[in-house]
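Working notes, beginning with the structure itself.
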Amino acid sequence: MNLTSIMVLPKKSERGIRIAIDRGGTFTDCVGNPGSGKMEDDVLIKLLSVDPQNYDDAPLEGIRRLLSKFEGKEIPRGQALDTSKIESIRMGTTVATNALLERKGEDIAMVVTKGFKDCLEIGNQSRPNIFDLAIRKPEVLYTRVVEIDERVTLEDYAEDPKRHKTEATAADDTNEDAELVRGLSGEAVRILKRAQGEQIWKQLQDIYDSGLRSIAVCLMHGYTYPKHEALVGKIAKDIGFEHVSLSHELMPMIKLVPRATSACADAYLTPAIRKYIDGFQKGFEGGLGTESVRREAGEKGARCEFMQSDGGLVDVDGFSGLRAILSGPAGGVVGYALTSYDPETKTPVIGFDMGGTSTDVSRYGAGRYDHVFETTTAGVTIQSPQLDINTVAAGGGSRLFFRNGLFVVGPESAGAHPGPACYRKGGPLTITDANLYLGRLLPDFFPKIFGKHEDEGIDENAGERLFQELTEQINKEVTGGNGASGKREEMSMDEVAYGFIKIANETMTRPIRSLTEARGHDTSKHRLATFGGAGGQHAVAIAEALGIKQILVHRYSSVLSAYGMALADVVDERQEPESKTWRDDDEEVRKALQGKMEDLKKKSTATLRDQGFDEEQIHFEEYLNMRYRGTESALMVVKPTKDEAEKDFGGDAWAFGKNFVRQHEQEFGFTLPDRDIIVDDVRARGIGKTFEGLERTVDQQLKEVKVRDVKGEGKVYGKRKVYFEGGRQDTSIYKLEDLSVGDRIQGPAIIADGTQTIVVTPGASALLIDTHVVINIGDEASHDKKVDTKEVDPIMLSIFAHRFMAIAEQMGRALQKTSVSTNVKERLDYSCALFDADGGLVANAPHLPVHLGSMSTCVQKQAEIWRGKLKRGDVLVSNHPMFGGTHLPDITVITPAFSGDQIVFYVASRAHHADIGGILPGSMPPHSRELFQEGASIKSEKLVWEGHFNEKRITELLLNEPAQYPGCSGTRCLADNLNDLKAQIAANQKGINLISTLIDDYGEDVVQFYMHNIQDNAELSVRNLLKNVSKRFEGRDLSAVDYMDDGSPIKLKITIDAVKGEAIFDFTGTGPEVYGNTNAPEAVTYSAIIYCLRCLIKEDIPLNQGCLSPVKVIIPKKSFLSPSGSAAVVGGNVLTSQRVTDVVLKAFNACAASQGDCNNLTFGFGGNVEGEKAVKGFGYYETIAGGSGAGPDWDGTNGVHTHMTNTRITDAEVFERRYPVILREFSLREDSHGKGQHKGGDGVVRDIEFRIPVQVSILSERRVYHPYGLEGGEDAQCGLNVWVRKVPKVEGSDADAAEGTKNSSTPKPQQQANGLDAEQEYRHINMGGKNTASMQPGERIIIMTPGGGGWGPAGKESESRQHEREDPKHSWRGGSIAGRQAEAEASA
């Protein structure tokens, strides 16, 4: 049989040997071919990535072993390897990833625009884990910062209702003194301050003299105006810096923070990669790389290419840190994409790469790779093309725990050293041990690389001992009485081990669902391509859970990442920014974009030709990065193929606009036909083809194969008892090499060779073809999930905890994707949750803490009002504080889920709408006294009647009714309101569909049973917490008091019943309702309590109504925590909620006060005030970070959102592109923290200059009362809001030297540039905590936010800094590679 892959290597030589290597976290995989290109001649080697007792470098050791094999003689370790017989070496490496994970890169300096030295420490201001009081933000990569006194900004702004466009000429040598030039993106750029070479030289020389040799340069708007960055780069090279990373060269895309982080990552990692490559090259006699081949005249030098994160290879000399971060996983994606996808049948494939420490999932469809351009790895947000790979911290080495009555897998991993218990290094219990114990791993087939002399197999007994101990612990906890069920039967060791396998499978299906279903793809219409060492043991269960019927396991599945390197193409990426408006009939724009694309293609072609590719081997993928005006969700749209153009676009080969609309509809579920389409970037991906495809695809082989069932014992290698659902079964074991093409094996069975183990479950079958093992899952395999509801099964409880949370998370992703407004899409100011039939919270995705308990109050109220009156297709809407609302901009959309005629669940989504009317733009008025002044209030309305969206009524409520009140306008952005409400409806429908699937899978009774038990589980966790707290405080009552800036007290007394684990939270003594807007609806206090309890538990428990069951809350009526229905409340949600949280945590003596504030800033103009002509304008809203409080064993964190909020800040460059502002400074406010043994965090300085007249409002707290310290720690600084105002000049005045602004850069503005005439001057005016002002062009608001309080007496040494030095992973613990999953899930 011929298994040849058709390879087309540039500049073929007579040498022959081709080697491909993937250095993973646990194992290094090597695939070698003597030059025939035939699979049967390949040699596979697997060795430990870290084995210092036996070799220094795993890839070098792998190459030594391969050359020894091909040459037929043992090459001694340490001897330089002869490259004369090697045609090519291709590698994927984790060197960059590991340097990032362990923070072991080069010491670097960051060069940035003045005013932004702390931009990376602040980041997007959100915190990674909302329930961790000891906030751990990732450490920055640089050791020094240089601020360059230069500044440019964009002249026009996107939110301009008049769409004015300033014309300017391109920046070149002929107009060096021009103040207005055209940037690379086509936008008009105003030069406010030119970079001064002499000053830059002095600053960089100082950095050089300190010993640093690598710098990263990122200046404001450098993506479109790179002249200043280029000047810095030239000076740095002249001084002698060894590595200079310029952000505009690496990734010329808008967004300062990701671009600066990317430049830092490149400067930090590239020297580490160069050192590794230099050391690697020393292991060879000849050089490596294209240049070496040229230099050695083909005698000794060998081609050497490294895999980049985008799935393309690059010559060793061009391999950089920024492009190396996903080097290893990318090989696997290339491997399964090229071996499993058939361009004829076009069946999309999901890649499932389960390794030792984590699992990577990805998708391949339409014949090209999906790329993302902003991802987070190890806490570092990278802006660079990367394959869209989602990583979950569940792999073979994931550790197993039983916590709070739930089975938990990971995220902690045993790693390569010590590894799982069975690795003979004293490691902990892991998924690998569970598979081994259940008979799913075969010691005979496992490589004998363990033990002192690397010659022993895995240890079967080590895991068994640990499982026995864990099973005893679980039975002790679980069988001690179980509600109505009494004692349940003890679990066996088999059931416990299998329970962990099921939880691991559930954990791994979540990212797959987000990758497919959340993007509009039907998961069941995919194939699953499984690879990685552990993939074959879990593939069938994963596929069953996802409804997938066919699994492809490549013969090289355990080394597919390495095999992918062998098949991959060499790639050269080019990209330039743009800003043109696309119109299908605008030939001028089309020609300009085509010209830019051709320039990029010429540059790529030249690079690839240098690497030995001929014209016919070079292909291009052409892209435009496009978005609707007013949104930031750009899509990278590929140029249609010739066939697609003929079939879908009337033969128009450049139908980018139509393709964008189609892609937007599929990805987000809607289009915006009334909005312009903006082109942000032009991108060309040059591909040097080295792989033309398999001779026969999987589908062709399946058509031609002659199937015969394997019967009898002839080919059976052995038998063993293997555990499947229900018990152990006699299972036949087959050696892969003993089976022939066409053999079909019925499950249960295990197929194994030296590198992989494939488990075929009962009801499934495995068919051998030339290249793959194809597993088909019959209908009988997906047996009914019969689950007992007489007693609680802790395994099922854990699975349902995952399922319920996954539903809320997927709702959140759907809402973010389908929404239009910046508030929801970029700032992530929303929450989604699942509720029982009475409105009790079941699962709340970790979005915004302030919504946690309050949404439940809202749903319970609406469920009561509409009991018996709702029908399928009805959707409710409410935002009124007396009906469970928090403040009016937070609109809640509620959808009932029916089973027959009965409501079995509710789903709800709450989103902050940027404007809903009222007296000021942004609907966050600082001086509101009555509720009507804050905008539209909706008590209880049907938004959708049996599937019909009631647009007329909701328009009345949002636009017309608010404008009837004196001085009030209706909403200033109705279109955004309607689009976001539709997005909330769509997100709820997503939740309903997922609940329906869950009920179909398990039955309504089972789902309801575990829904209530998951609430009981949370209740038990809180009761245990309260009992422990009572012991710690020796039964004393806990009490605390704190004050709002107006002097209103919040008093709390907590009485704990230590026997029952119950508590009374009594707020008696709290101040009366205020004639202002800091009144907080009762729901806000419930949110604060549930948040604090979850933080104090410190472990991952289901967050639901059960948390409040052991708690009785007493809130005095008519206090400002229980105000009347007409009271203004806009500040209660964002200010009072923070103070309630501080008071609860103070009572528990948990930590010092954080900034206690959200620093709500709004500005804009326009509206439809009654009796006046409607003015089209805009409204902008943001909340601003501050310092977090220190605790018993941690320092506070600088510049971060705390407690009840976690919204993101708009990136500085996007901020200036969208709005008529100049962000003069966004930095940390030095010395604003409270001192102590553990110091608090610093607040921030945000200095915004306005370029047109706007109404500006600030709603803030902690401007009078300081954030307190605890246990002897000092208080932090209060906040301060300053208006830099133009006033008539007074003789002898010294207004510029304002008191209290020493922490702001506040440079004296150029009088002429800011319209300041000789009779005017600037004066700094304290605005107080809550104020509004009409600001004129050139005027500024400087917001200095509070710090966090200190803990313990100052002078005692803090241990936390020492801990951070010892543990570089402390701030993110292995974080996710993509998405908000990131942060995603919520995050990345």
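Computed over heavy atoms, backbone and side chain alike; hydrogens, waters and symmetry mates excluded.
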How about Tyr723 and Tyr498: are their ring centres within less than 6.0 Å of each other? yes
Using a 6.0 Å distance limit plus a 45 degree cone around the ring axis, check whether Arg399 lies over the aromatic ring of Phe407. no
Shortest non-hydrogen contact from Gly62 toward Cys30: CA-SG, 3.7 Å
Is there a donor-acceptor contact under 3.5 Å from the side chain of Asp433 to the main chain of Cys422? yes
Applying side-chain hydrogen bond (donor to acceptor under 3.5 Å, both in side chains) to Tyr341 and Thr347, what does each step give before you reach the verdict? CA-CA 7 Å; Tyr341 180 79; Thr347 305; over 6 Å; no
Atom CD1 of Ile733 and atom NZ of Lys719: how far apart are they, to the nearest 0.5 Å? 9.0 Å
Any donor-acceptor pair under 3.5 Å linking the side chain of Thr509 with the backbone of Glu506? yes
Do you know which two heavy atoms are closest between Thr28 and Ala58, and how far apart they sit? OG1-CB, 3.4 Å
Taking the side chain as every heavy atom from C-beta outward, state whether Tyr364 and Ser340 have any pair of such atoms under 4.5 Å apart. no
Audit row: Val705, Leu767, side chain to side chain contact (heavy atoms under 4.5 Å, CB included) steps and yes/no: CA-CA 10 Å; Val705 71; Leu767 171 67; 4.2 Å; yes
Could you check whether any side-chain heavy atom of Phe402 comes within less than 4.5 Å of a side-chain heavy atom of Pro794, counting everything from C-beta outward? yes
What do the steps show when you test Lys525 against Ile548 for side chain to side chain contact (heavy atoms under 4.5 Å, CB included), and what is the final call? CA-CA 7 Å; Lys525 289 184 166 55; Ile548 293 172; over 6 Å; no
Going through the checks in order, is the salt bridge (Lys or Arg N to Asp or Glu O under 4.0 Å) test met by Asp709 and Arg744? CA-CA 5 Å; Asp709 286 312; Arg744 181 167 63 192; 2.8 Å; yes
Any donor-acceptor pair under 3.5 Å linking the side-chain atoms of Arg555 with those of His772? no
Quick check: do Thr761 and Glu544 have side-chain heavy atoms less than 4.5 Å from each other? yes
For the residue pair Arg513 and Leu546, establish whether any side-chain heavy-atom pair is separated by less than 4.5 Å. yes
Report the distance from atom CZ of Arg527 to atom CD1 of Ile350, rounding to the nearest 0.5 Å. 12.5 Å
Can Ser398 and Thr430 be counted as having a side-chain donor-acceptor contact under 3.5 angstrom? no
When every non-hydrogen atom of Glu464 is compared with those of Met493, the smallest separation belongs to O-CE, 3.5 Å
Any chance the side chains of Lys715 and Ser732 put a donor and an acceptor closer than 3.5 Å? no
Stepwise, does the side-chain hydrogen bond (donor to acceptor under 3.5 Å, both in side chains) test hold for Asn435 with Gln537? CA-CA 8 Å; Asn435 276 313; Gln537 295 139 50; 3.1 Å; yes
Euclidean distance, Ile758 CD1 relative to Ile745 CD1, rounded to 0.5 Å: 9.5 Å
Residues Glu1019, Arg1023: salt bridge by 4.0 Å N-O rule: yes
Under a plain distance cut-off of 3.5 Å, with no hydrogens placed, do Ser899 and Glu1004 share a side-chain donor-acceptor pair? yes
Using side-chain heavy atoms (C-beta onward) and a distance below 4.5 Å, is Ile1014 in contact with Asn1104? yes
If only side-chain N and O atoms count, and only distance matters, is there a donor-acceptor pair under 3.5 Å linking Ser492 with Asp494? no
Salt bridge or not for Arg465 and Glu472, using N-O below 4.0 Å? no
Treating Asn1017 as the side-chain partner and Asn1013 as the backbone partner, does any N or O pair qualify as donor plus acceptor under 3.5 Å? no
Please round to the nearest 0.5 Å and tell me the distance separating atom CG of Leu470 and atom CD of Gln468. 11.0 Å
Is there a side-chain contact between Phe724 and Val759, using heavy atoms and a 4.5 Å cut-off? yes
Run the salt-bridge test on Lys735 and Asp753 with the 4.0 Å N-O cut-off and return the result as yes or no. no
Is the closest side-chain heavy-atom distance between His538 and Ile501 below 4.5 Å? yes
Step through the shown structure and confirm whether more than 12 heavy atoms of other residues, nucleotides or ligands are within 6.0 Å of CD on Gln53. no
Determine whether the aromatic ring centres of residues Phe800 and Tyr1002 are separated by less than 6.0 angstrom. yes
Side-chain donor-acceptor contact under 3.5 Å, Tyr556 with Asp42: yes
In Glu469, Glu477, Lys476, the residue satisfying side-chain hydrogen bond (donor to acceptor under 3.5 Å, both in side chains) with Gln473 is Glu477
Evaluation steps, side-chain hydrogen bond (donor to acceptor under 3.5 Å, both in side chains), between Arg23 and Thr94: CA-CA 6 Å; Arg23 188 201 181 282; Thr94 53; 2.9 Å; yes
Assess the side chains of Gln550 and Asn776: does a donor N or O sit below 3.5 Å from an acceptor N or O? yes
Given Val792 and Tyr1010, is the side chain to side chain contact (heavy atoms under 4.5 Å, CB included) satisfied, shown in steps? CA-CA 8 Å; Val792 179; Tyr1010 278 101; 4.1 Å; yes
Taking all non-hydrogen atoms of both residues, which atom of Val333 and which atom of Ser362 are closest, and how far apart? CG2-OG, 3.5 Å
How would you list, by chain and number, every residue that makes a salt bridge (charged side-chain N to carboxylate O under 4.0 Å, His left out) with Arg363, sequence neighbours excluded? none
Between Leu994 and Arg803, is a side chain to side chain contact (heavy atoms under 4.5 Å, CB included) present by the stated rule, with each step listed? CA-CA 9 Å; Leu994 292 169; Arg803 282 294 182 92; over 6 Å; no
CG/Asp1005 to CD/Gln1008 distance, rounded to the nearest 0.5 angstrom? 9.0 Å
Closest approach of Leu998 to Val1007 (non-hydrogen atoms, all atoms of both residues): O-CG2, 3.8 Å
Gap between atom CE of Met796 and atom CD of Glu791 - 0.5 Å precision: 13.5 Å
Side-chain touch Val760/Val540, heavy atoms, less than 4.5 angstrom: no
Would you say Thr339 and Tyr563 are linked by a side-chain donor-acceptor pair, where the criterion is simply a distance under 3.5 Å? no
With sequence neighbours excluded, tell me which residues meet side-chain hydrogen bond (donor to acceptor under 3.5 Å, both in side chains) with Thr359. none
Side-chain donor-acceptor pair under 3.5 Å between Thr771 and Gln701, yes or no? yes
Considering non-hydrogen atoms only, spot the tightest contact between Thr471 and Met491 and give its length. CG2-O, 3.4 Å
Which residue, Leu736, Val710, Val707, forms the side chain to side chain contact (heavy atoms under 4.5 Å, CB included) with Leu768? Leu736
